[in-house]
Amino acid sequence: IYSEYIMNIMEQMCWVNPGIDKSRDKEKELDPIFEAQFKKTHFLNVSNYRDSDEMIPSECVEIFRVTPENVRKPTILIPPGFDASALTYKNEIQELWKKGRDVLSVKYPDIAGPEDISDTVAPLITRSQVSNDEILNAATLLRVLDNEHVDEVNVIAHSAGAIAATLVAVMDPKHRVRSIVFFCPAGILSREGRRTISGLNEERIAGLDWRKLTLRKLFTAFTEGMGVLNADVRPLIKILHEKGIKLFIVGATKDGFFPAEILGEFVKKYIGEKYVDGLITIEGGHHDITDYMSAAEDIFTKNESENAI
């Protein structure tokens with residue numbers, strides 16, 4: 001189980017395997033206005049380790065926000081997935097911006113906050129469900145929403161970003177999350193699901209560019225990656241339903257991390273279809289989300305129209 005997951009993580013980091021989409025390597029032509037907004041980031045100190053107002057880069061979250069001229073609300077929040085940041089989803093963010101959406105994302109700090117934060121802001125969440133790192137990421141996103149004066153959000157979460165997205169919705173005392181779209185989400189298959197996925201093979205190993213795999217990345221895979229592997233947000237999804245938050249789950253047919261077929265089976269067996277507002281399957285791999293961002297926007301738009309009736 002663990003070797004399989006680490007192999008998937010290394011494929012993501014080395015980024016040459018033909019079975020994984022490389023759309024993130026192809027940056028689309030950027031609109032000059034969008035690019036100027038995207039580059040105009042700012043920082044927020046989210047660490048409680050020191051009392052001074054000194055801005056230490058490792059303790060600051062970098063905030064990316066783009067707002068079109070004729071903006072449509074609510075704001076869309078994109079929690080970064082594993083080993084990712086707002087920069088990873090630049091193409092996707094531009095597509096949403098072109099559709100009139102105010103979009104908010106981040107680059108997480110190296111130091112997110114005190115170790116006991118889960119005891120004070122996440123009483124409904126246990127470490128048996130998610131790692132402390134994921135709770136810290138969610139707490140960081142809540143501080144960003146406060147800092148940006150965001151009243152309500154729709155969330156698009158890819159891969160491990162689904163864990164943070166779920167925690168934000170559960171932890172937020174202001175109840176700002178309206179709808180969530182998961183793309184190839186972590187936290188649903190958990191350990192049982194990993195047993196259904198095949199092990200290592202020579203073709204996948206041969207597909208790696210080992211020059212891209214540093215010791216630091218390998219260490220990250222074994223630490224943060226294990227937190228993603230063991231995460232289980234299934235009980236929390238039922239809380240989202242109780243809060244009236246709409247949830248749509250999108251799986252990809254060729255996803256080597258969380259295959260759509262197995263993902264669908266686990267949603268039906270361990271969560272229950274009544275707790276999910278849409279279960280959708282798309283063609284492609286784990287990172288084939290660029291072409292489907294407009295679909296998430298369509299889901300939000302339709303949901304908003306139904307709520308307005």
Side-chain angles (χ1 to χ4, degrees), residues 5 8-9 11-13 15 19-28 64 66 75-97 99 101 103-108 130 133-134 137-138 140-141 144 153-169 177 179-189 193 224-225 227-229 231 233 237 240 246-260 262-264 267 276 278-300:
Y5 189 78
N8 277 318
I9 291 296
E11 284 178 341
Q12 178 177 351
M13 291 175 169
W15 211 256
I20 294 182
D21 175 69
K22 301 185 183 71
S23 62
R24 292 197 300 183
D25 289 341
K26 305 171 185 177
E27 184 171 289
K28 294 183 178 179
F64 296 74
V66 292
T75 296
I76 291 181
L77 173 67
I78 302 181
F82 179 84
D83 195 41
S85 72
L87 295 167
T88 310
Y89 305 107
K90 183 189 291 187
N91 291 338
E92 292 82 355
I93 291 173
Q94 178 176 234
E95 291 303 308
L96 293 167
W97 177 84
K99 289 179 174 289
R101 288 292 188 177
V103 187
L104 180 63
S105 190
V106 302
K107 181 179 183 297
Y108 289 125
V130 294
D133 285 338
E134 294 297 341
N137 286 342
T140 294
L141 291 172
V144 169
V153 294
N154 288 331
V155 184
I156 298 176
H158 171 238
S159 191
I163 302 171
T166 304
L167 296 178
V168 166
V177 178
S179 302
I180 305 174
V181 174
F182 286 165
F183 280 97
C184 306
I188 292 178
L189 297 191
E224 295 180 21
V228 175
L229 169 64
V233 301
I237 287 177
L240 301 185
K246 300 289 186 179
L247 175 63
F248 304 86
I249 300 177
V250 182
T253 55
K254 298 179 182 179
D255 185 352
F257 291 77
F258 316 109
I262 300 172
L263 188 66
V267 168
V276 178
L279 187 59
I280 304 161
T281 298
I282 62 174
E283 295 294 328
H286 187 71
H287 299 287
D288 283 343
I289 65 172
T290 304
D291 295 336
Y292 297 98
M293 268 297 169
S294 59
E297 166 60 20
D298 292 341
I299 290 173
F300 290 144

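Computed over heavy atoms, backbone and side chain alike; hydrogens, waters and symmetry mates excluded. Owing to the predicted nature of the structure, the values given are computational and were not obtained by experimental measurement.
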To the nearest 0.5 Å, tell me how far [X] [atom1] sits from [Y] [atom2].
{"X": "Ile76", "Y": "Ile156", "atom1": "CD1", "atom2": "CD1", "result": "4.5 Å"}
{"X": "Leu96", "Y": "Lys99", "atom1": "CG", "atom2": "NZ", "result": "8.5 Å"}
{"X": "Phe183", "Y": "Glu92", "atom1": "CZ", "atom2": "CD", "result": "9.0 Å"}
{"X": "Arg101", "Y": "Thr75", "atom1": "CZ", "atom2": "OG1", "result": "9.0 Å"}

Exactly one candidate in Thr166, Val153, Leu247 meets side-chain contact (heavy atoms from CB on, under 4.5 Å) with Val177; the answer is Val153

- Query: For the side chain of Ser105 and the backbone of Ile78, is there at least one donor-acceptor N/O pair under 3.5 Å apart?
  - Reply: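 Yes, the answer is positive, given that a donor and an acceptor are paired below the 3.5 Å cut-off.
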
Show, in sequence, the C-alpha distance, side-chain angles and deciding distance for Asp255 and Leu263, and conclude whether the side-chain contact (heavy atoms from CB on, under 4.5 Å) test is met. CA-CA 10 Å; Asp255 185 352; Leu263 188 66; over 6 Å; no

field: Contacts of type ring-ring contact (aromatic ring centres under 6.0 Å, His included), residue Phe64, not counting sequence neighbours
entry: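 With neighbours one apart ignored, the set is Phe38.
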
**Request:** Take Tyr108 and Thr140 through the side-chain contact (heavy atoms from CB on, under 4.5 Å) test and state the conclusion after the steps.
**Result:** CA-CA 8 Å; Tyr108 289 125; Thr140 294; 4.3 Å; yes

Residues at least two apart in sequence or cross-chain that pass side chain to side chain donor-acceptor pair (under 3.5 Å) with Thr281, listed by chain then number, are none

When the ring planes of Tyr89 and His158 are compared, do they come out parallel, tilted or perpendicular, using 30° and 60° as the limits?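 Tyr89 vs His158 ring planes: perpendicular.
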
Applying side chain to side chain contact (heavy atoms under 4.5 Å, CB included) to Ala138 and not counting sequence neighbours gives Leu167, Val168, Met171

Between Glu134 and Ala164 the two heavy atoms that sit nearest each other are OE1-N, 4.1 Å

